[in-house]
Amino acid sequence: MISKETIDKVFDAARVEEVIGDFVQLKKSGSNFKGLSPFTEERTPSFMVSPVKQIWKDFSSGKGGNVVAFLMEHEHFTYPEAVKYLAKKYNIEVEETEQSDEQKQQADERESMYLVSEYAKGYFEDVLWNTEPGKAVGLTYFKERGFTDETIKSFGLGYSPDEWETFTKEALAQGYQLEFLEKTGLTIVKENAASPTGRKQFDRFKGRVMFPIQSMSGRVLGFGGRILTNDKKAAKYLNSPESAIYHKSKVLYGIYHAKQTIAKEDNCYLVEGYTDVIQFHQRGIENVVASSGTALTPEQIRLIHRLTNNITVLFDGDAAGLRASVRGIDLILEQGMNVKVCAFPEGEDPDSFAKANSLDAIKQYLEEHAKDFIRFKASMLMEEAKDDPIRKADTIRDIVNSISKIPDRIQREVYVQECSRIMDISEEVLFNTLAQIGRKEIADADKKFRKERRDQGMQVVKDPERTLQKIDQQYLLERKIIEVLLLYGKKTEEFEDFVLKQDDEGELQLERVVHRSCVFEKIFLDLQDDEIELSNPIFRKVYPQLIQQLNEKEDFSVKTFVQTMEDDVADEVTSILMEEEKYILHRWEEQDILVKDKNDTVGQLVSEIVLSLRCFLIDKRVIELQEKTLENKDGNSEILEEIMNYHQLKRLLAKKLNRVL
């Protein structure tokens with residue numbers, strides 16, 4: 001268990017904008033920072049970070065919280081893991097008591113797999129540097145590739161012994177369970193009747209040099225292993241199988257080492273293999289990642305998009321590499337990113353080119369040969385089409401199809417103009433073709449949507465996106481109460497209250513009373529006097545905690561309060577605190593809810609919110625009474641009198657709120 005003193009030190013030292021900046025490209029937006037959501041697919045930034053409040057809010061997914069909550073959500077850390085990660089980042093010594101055997105057994109499956117993977121990385125490194133086979137085979141291979149000792153250690157490269165179960169036996173001897181060795185793919189287990197245990201186990205990466213595959217935070221997710229023999233039956237490269245922690249379509253090799261430079265340079269070089277990344281990095285170009293030999297996926301592109309809006313695809317000069325890059329371009333364009341492509345000379349790849357050239361020469365080559373996607377695609381496809389008019393028409397259609405993937409309308413038009421110039425065809429024809437593609441995509445999407453609805457036995461509506469949902473007015477008012485308590489709870493204000501009294505003729509009147517009070521006391525007493533209980537379960541949970549801390553702590557701090565939030569209230573509370581940063585979150589006036597104007601005082605704001613809530617609850621009560629009169633045939637006189645009194649009270653409150661009923 002981590003001591004409270006350590007946790008306090010971590011929270012005091014950690015800066016939410018610094019930590020999140022390691023994973024998301026953040027740009028200054030007023031007093032806050034803004035970036036693309038790391039949790040959803042979006043092109044318009046809705047992810048906000050507040051350095052003052054030390055919180056973050058992702059408006060696209062609804063997630064939010066403090067710095068630890070981000071690491072738990074993004075990296076799937078446990079709470080202790082997140083604290084340890086921050087402690088390491090800020091050089092804070094972690095004080096903790098040793099875990100008991102029972103606590104170790106309670107570690108969840110994912111954490112056990114992470115631990116096994118981290119152990120394997122260390123084991124393979126140790127074999128590489130400290131055993132004769134490791135040095136003779138593995139280290140020699142890396143040296144022949146031109147990697148320095150520093151580079152080899154930086155990327156955690158290693159070697160798996162060319163023996164059937166050496167690694168597995170050693171891992172088991174160290175207390176790691178076979179279940180998790182198998183689930184991570186490090187060990188292969190097969191049924192074997194001849195074995196005393198009824199099964200046979202052996203190392204997946206036997207006799208291979210090892211490349212650890214790390215997450216953006218540096219956690220080991222899996223491995224890539226390259227065989228060094230000429231065994232034609234064995235795959236040259238072998239990756240860890242899909243698991244609970246490793247999904248190859250969502251991982252980019254080298255992202256951990258490249259993330260800061262990608263954000264700094266505002267560009268990412270995309271290559272294919274492990275050695276391409278390492279060789280570029282060693283030469284001094286660190287903003288480079290690899291798709292690890294797999295076809296580029298939207299998830300991988302979005303991983304880059306968190307850090308930059310610009311990708312330069314680097315590929316071999318062979319025809320197969322060219323065609324593969326063309327397929328990936330459309331995916332990048334769909335994500336709203338800017339893409340350039342750069343081909344190396346025939347017979348060269350990023351690894352060999354970086355190894356043979358100086359840093360300045362590489363930079364100069366990339367700068368001179370990186371082409372905008374449309375020029376690249378046009379020149380490549382036109383070369384294939386030559387003088388064949390049918391193939392030329394197909395080429396133009398192919399380019400327009402790529403342009404149609406671009407979400408930004410202005411960019412699309414610019415590219416159409418460029419295509420018109422390069423391909424010597426009128427803009428009108430290109431725009432018409434673009435429109436045809438757009439209509440077809442809309443029709444296909446609508447057809448797919450309707451089919452899915454029918455397959456699920458659901459009714460197909462004409463335009464489901466235009467179906468309006470009824471606004472929950474009570475939720476918005478209660479939310480506003482929590483917001484005021486968070487932002488102004490300790491502030492002392494002058495309040496104008498109205499006490500309900502009957503005049504000599506029995507008419508209800510509001511008598512004006514002015515007094516000074518603390519905001520939280522005013523809200524608490526008003527709600528208590530009216531016996532109003534918040535209906536939203538999250539607000540019911542956070543409200544008494546807020547009132548208690550505001551009452552007990554002279555130095556109440558929103559930042560400190562946020563740090564104590566439980567997971568189920570963190571999203572809502574951070575959303576409230578970041579409300580000002582979201583563009584037109586609610587149109588309050590249209591919902592008959594008055595909010596604070598810039599010239600209003602906090603006292604006016606509090607009074608108006610409480611009065612609005614009273615009006616809403618009166619309306620709610622009147623509806624209940626009206627329904628009651630429909631149920632009762634007789635004896636409704638008392639109910640009708642109560643309804644009349646509520647209407648009279650509502651008129652008085654509305655007058656105070658300057659509303660017309």
Side-chain angles (χ1 to χ4, degrees), residues 4-5 7-12 16 50 52-55 57 64-69 474-500 512-580 593-596 600-617 653:
K4 185 178 183 302
E5 290 74 17
I7 294 173
D8 290 342
K9 287 179 183 177
V10 165
F11 272 114
D12 287 341
V16 67
S50 170
V52 175
K53 300 166 185 172
Q54 283 297 293
I55 59 172
K57 180 65 185 178
N66 56 28
V67 65
V68 168
Q474 187 169 2
Y475 162 79
L476 296 180
L477 287 165
E478 291 179 359
R479 192 175 193 271
K480 205 68 184 172
I481 286 173
I482 300 299
E483 178 186 342
V484 170
L485 287 172
L486 287 166
L487 299 180
Y488 313 113
K490 295 293 282 188
K491 193 172 183 181
T492 299
E493 283 287 312
E494 184 174 277
F495 293 99
E496 183 182 65
D497 280 344
F498 289 83
V499 180
L500 190 63
R512 182 172 178 271
V513 178
V514 178
H515 64 93
R516 291 186 65 79
S517 178
C518 204
V519 169
F520 84 89
E521 292 174 344
K522 159 71 175 169
I523 290 175
F524 175 75
L525 292 173
D526 278 2
L527 297 188
Q528 187 179 51
D529 287 346
D530 287 349
E531 297 182 352
I532 296 174
E533 182 179 351
L534 302 186
S535 62
N536 183 278
I538 292 178
F539 298 152
R540 275 205 309 271
K541 190 171 186 177
V542 73
Y543 174 74
Q545 296 174 13
L546 253 177
I547 294 294
Q548 181 180 359
Q549 290 207 25
L550 287 164
N551 185 48
E552 294 177 355
K553 297 185 177 181
E554 288 297 324
D555 57 344
F556 173 80
S557 161
V558 171
K559 177 184 173 182
T560 303
F561 181 74
V562 168
Q563 291 172 4
T564 65
M565 290 188 302
E566 298 177 28
D567 292 344
D568 59 343
V569 301
D571 291 347
E572 193 70 49
V573 171
T574 51
S575 179
I576 290 171
L577 289 169
M578 299 295 283
E579 182 78 14
E580 296 173 349
I593 300 170
L594 297 185
V595 295
K596 182 189 176 188
D600 290 341
T601 66
V602 174
Q604 287 175 306
L605 173 64
V606 172
S607 297
E608 288 169 355
I609 292 171
V610 173
L611 285 172
S612 295
L613 182 57
R614 283 173 174 166
C615 287
F616 173 83
L617 294 175
L653 294 177

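- The CG atom of L546 lies 5.5 Å from the CG atom of L550; values are rounded to the nearest 0.5 Å.
- Contact annotation: the side chain of L534 approaches that of I482 to within less than 4.5 Å [non-hydrogen atoms, C-beta and beyond].
- Qualifying side-chain contact (heavy atoms from CB on, under 4.5 Å) partners for Q548, counting only residues two or more places apart in sequence or in other chains: E552.
- Atom CD of Q545 sits about 5.5 Å away from atom CZ of F561, to the nearest 0.5 Å.
- Qualifying side chain to side chain donor-acceptor pair (under 3.5 Å) partners for N536, counting only residues two or more places apart in sequence or in other chains: none.
- Between F539 and Y475, the gap from one ring centroid to the other is short of 6.0 Å.
- Side-chain N or O atoms of R540 include none that pairs as donor or acceptor with a backbone N or O of E533 at under 3.5 Å.
- For Q54, the side chain to side chain donor-acceptor pair (under 3.5 Å) partners at least two apart in sequence or on another chain are E17.
- Not a single ring-ring contact (aromatic ring centres under 6.0 Å, His included) links F11 to another residue, sequence neighbours left out.
- Using modelled atom types, no side-chain atom of Q549 and backbone atom of F556 make a donor-acceptor pair closer than 3.5 Å.
- Note that OG1 of T574 and NZ of K53 are 10.5 Å apart. Values are rounded to the nearest 0.5 Å.
- For the residue pair A69 and G65, the shortest heavy atom distance occurs at CB-CA, 4.0 Å.
- Here the CD1-CD distance, from I547 to E521, works out to 9.0 Å after rounding to the nearest 0.5 Å.
- Within the 4.5 Å cutoff, no side-chain heavy atoms of I481 are placed close to those of L477.
- Listed by chain and residue number, Y488, V519, I523, L605, V606, I609 satisfy the side-chain contact (heavy atoms from CB on, under 4.5 Å) test with V484 (two or more places apart in sequence, or in another chain).
- To the nearest 0.5 Å, atom CZ of residue F520 and atom OH of residue Y543 are 10.0 Å apart.
- Distance CG/N66 to CD1/I55: 9.0 Å, rounded to 0.5 Å.
- Listed for the K490 side chain is no donor-acceptor partner under 3.5 Å among the backbone atoms of C518.
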